[in-house]
There are 2 protein chains.
Amino acid sequence: MAPTLKDVAAHVGVHPSTVSRVLRGKENLKISAKTHDKILKAVKELNYIPDFTARALRMKKSFTIGLIVPDILNPYFARIARRIEQLGFEKKYTVIVCNTDEDQQKEILFLNQLISRGVDGIIIAPVQDSKEHIVDVIDKNIPLVLIDRIFEDINVNSVITNNAESVMKAVTHLVKLGHKRIAFLRGQKNIYTIKNRLAGYKEALKEFNLSLIDNYIVGEGFEFEDGYEATLKLLALPKLPTAIVSSGGDLVTLGAIKAIYEKGLKIPEDISIIAFFDSLYSPFLATPLTTITHYRQKIGEKAFKLLLKQIESSKDMQAKTICVDTKFELRDSTAKPKN
Amino acid sequence: MAPTLKDVAAHVGVHPSTVSRVLRGKENLKISAKTHDKILKAVKELNYIPDFTARALRMKKSFTIGLIVPDILNPYFARIARRIEQLGFEKKYTVIVCNTDEDQQKEILFLNQLISRGVDGIIIAPVQDSKEHIVDVIDKNIPLVLIDRIFEDINVNSVITNNAESVMKAVTHLVKLGHKRIAFLRGQKNIYTIKNRLAGYKEALKEFNLSLIDNYIVGEGFEFEDGYEATLKLLALPKLPTAIVSSGGDLVTLGAIKAIYEKGLKIPEDISIIAFFDSLYSPFLATPLTTITHYRQKIGEKAFKLLLKQIESSKDMQAKTICVDTKFELRDSTAKPKN
DNA sequence: TTGAAACAGACAATCGTTTGCATTAAATAT
DNA sequence: ATATTTAATGCAAACGATTGTCTGTTTCAA
């Protein structure tokens, strides 16, 4: 079996605690250079690898953090996760990624599982069907950071993006091109980001004195099919919109594009589209998409740093909400409307 | 603090071991229905959550598996990872994902870290600069499954795809269209998959009596830039290829497309391309790509099941190598050559 | 009525570390 | 030469579960 501290100690003829101290390094307890060296040599020789589990139990610190997101296949969350994992690696933390698939029950299960595993902190983009389970975690004094989606009435560290503003910018762009009938392809309704994007949409319409048409707001989920069906509905209206703002991300947008093509419409000649979309692929699409892009690495970074600070500070810190900018990337999917 | 077994026991007036047995359920030790119920009630009341760390230490079983891949941002690995995580969830296993960025040193570090954390098993797509560290793990009797990339001289459970054949199919398709000058955009040289794809390429050329032109084999990595630069080199040759087989995945292929467009060439009119590429985006590209697609979920599934069997079987099992098919998806990026 | 079998649960060791405290030996001060 | 620091290490108790063994009751057959 794998050698333990005791084995190393026996090999050198010294007490396990001494070995531990040498390995941990810190403490002001002095160990003679001679035993110090002998121990290190023995560690090498036996190829001793410390047992994190035992250490975690004893120290009540696991050097593990949990990351709960809807779906890591979504490039948005993938990038964020990757950055968090990267930073974690630098700081000796391991990240456990959990995918909820927008399922509240799973979220609760994961949360409990993570707590059970004694994670030092949690970063979560919650499903937002309810929030009690999140509050519970916070009450347990487990460091937690919300990303992307926050509960406005909970005082907790969070990182968000400026959803409303970015949509306003998009609508403004469209209006300046001459669009008057702008639709909003939503994504899942009850999610913070979507609600805010919708709010931005409405606000922009108001600013430009455009009337809000209920039928122009469609979409109920984040999947390809959701975008496809919603857009079909949109394109079946008597009075077609001349532009669409797609706020549901990659899958929804691809679904929308499929629907548009199927109806024999062209982008941007017949219909303009601005989307929240991954910028890696968008330049290569049939019509390179004009997009709203997130600085996803930055989001991951801010979140990790907030969490780390919270983990490392003994007294509770003042909760903070950081807002990360978005970028408007003009490509070819927007043009003047025909009529 | 969080209640422990002891707290629950004290609350009921019973010994911790009894609580443990009730909670674990198994064993044939009988517990009276009365205490059984009292304990469950107390567990609810105190909101007791078992400590996995302690359990793992005692049982030498962490219900954790490690997954080491080059980069989870790559949709290929993302899908595999997602499936593994999903199956893990069903079987109560947590998955720790590590990204090596094709860096051997990182791989070794991760491997040690995972072992240190006492994972029950490891699934890995190795960097393949060397293999000693992998052999070490196997020698430690830690269940391990290789995916995507194997070492042919190590006897260990693995899941691969039929690289050579799939490329042969691709080349055959091109030859039948009339292509004679087919280039091979490689990806990183020393990787098992790439070596095999290249072998398939060569074999196919031989089969059709086409001469192997060294200059037609290019590419040194898996990044966007690698594909871009390599393709530029290709397009600077006096005698241009009429088709490219891109074996390096999404990024490399996008880089290639960029280079092709920049040179003012059209796909497929001027040059055909078949790529190993994510099928979600490919239908929507400027020219929908003809692709070789992996059943990534299946790969994840096979790998997980192999690992699980290995974890659960006490005696060592016969190592197996499973090969998963690929799918050839015909779209618009291939056509007859001009001349 | 007694002895054995079956029940229900307690005890204590253990997993591999870390860490406060105690102890010894050496060094320095008085 | 003795008292006092200080350096270097040992001791043992945690951390929170699991599990083999032991003990004290019942139950029931003979």
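Since this is a predicted model, take the numbers as computed values, not measurements. Every chain is numbered from 1, with letters handed out A, B, ... down the list of sequences.
- The nucleotide whose nearest atom lies closest to any side-chain atom of B:R55 is, among C:dG16, D:dG16, D:dT18, D:dT18.
- Taking side-chain N and O atoms only, B:R58 has no distance below 4.0 Å to OP1 or OP2 of D:dG16.
- Residues B:F89 and A:F110 place their aromatic rings such that the two centres sit under 6.0 Å apart.
- Smallest separation of non-hydrogen atoms from B:L57 and A:T53: N-CG2, 3.6 Å.
- As a whole-Å value, the separation of A:R117 CZ from D:dA17 C1' is 15 Å.
- Of the candidate nucleotides C:dA10, D:dC11, C:dT17, D:dC11 has the atom nearest to the side chain of A:R21.
- A:R24 places its CZ atom 9 Å from the C1' atom of C:dT18, with the value rounded to the nearest Å.
- For A:S20, a side-chain nitrogen or oxygen approaches OP1 or OP2 of C:dT18 to under 4.0 Å.
- Atom CE of B:M59 is separated from atom C1' of C:dA13 by 17 Å (rounded to the nearest Å).
- Rounding to whole angstrom units, NZ of residue B:K61 and C1' of D:dA17 are separated by 16 Å.
- Nearest-nucleotide mapping onto DNA chain C: of A:H15 and A:A2, the residue sitting toward the 5' end is A:A2.
- One can place NZ of A:K34 at 14 Å from C1' of D:dA7, the figure rounded to the nearest angstrom.
- Exactly one residue among B:I84, B:N157, B:L67 makes a side chain to side chain contact (heavy atoms under 4.5 Å, CB included) with B:V145. That residue is B:N157.
- For C:dG16, one of the phosphate oxygens OP1 or OP2 lies less than 4.0 angstrom from a side-chain nitrogen or oxygen of B:K60.
- Among the nucleotides C:dG9, D:dC15, D:dT18, the one closest to any side-chain atom of B:T35 is C:dG9.
- Taking only side-chain nitrogens and oxygens, A:T18 never comes nearer than 4.0 Å to OP1 or OP2 of D:dT9.
- Taking every side-chain heavy atom of B:V14 into account, C:dG9 is the closest of C:dT17, D:dA17, C:dG9.
- Between the P atom of D:dT18 and the CZ atom of B:F63 lies a distance of 11 Å, rounded to the nearest Å.
- Rounded to an integer number of Å, the gap from CZ of A:F52 to C1' of C:dT18 is 14 Å.
- The side chain of A:S17 sits closest to D:dA12 out of D:dA12, D:dA17, C:dA10.
- Out of C:dT18, C:dT17, D:dT9, the shortest distance to the side chain of A:S32 is found at D:dT9.
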**Message:** Let's go through B:I191 and B:F222 carefully: what are the C-alpha distance in whole Å and the side-chain angles of both, what is the deciding distance for side chain to side chain contact (heavy atoms under 4.5 Å, CB included) to 0.1 Å, and is it a yes or a no?
**Reply:** CA-CA 11 Å; B:I191 303 293; B:F222 290 124; 4.0 Å; yes
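- Separating the CG atom of A:L5 from the P atom of D:dG10 is a distance of 13 Å, rounded to the nearest angstrom.
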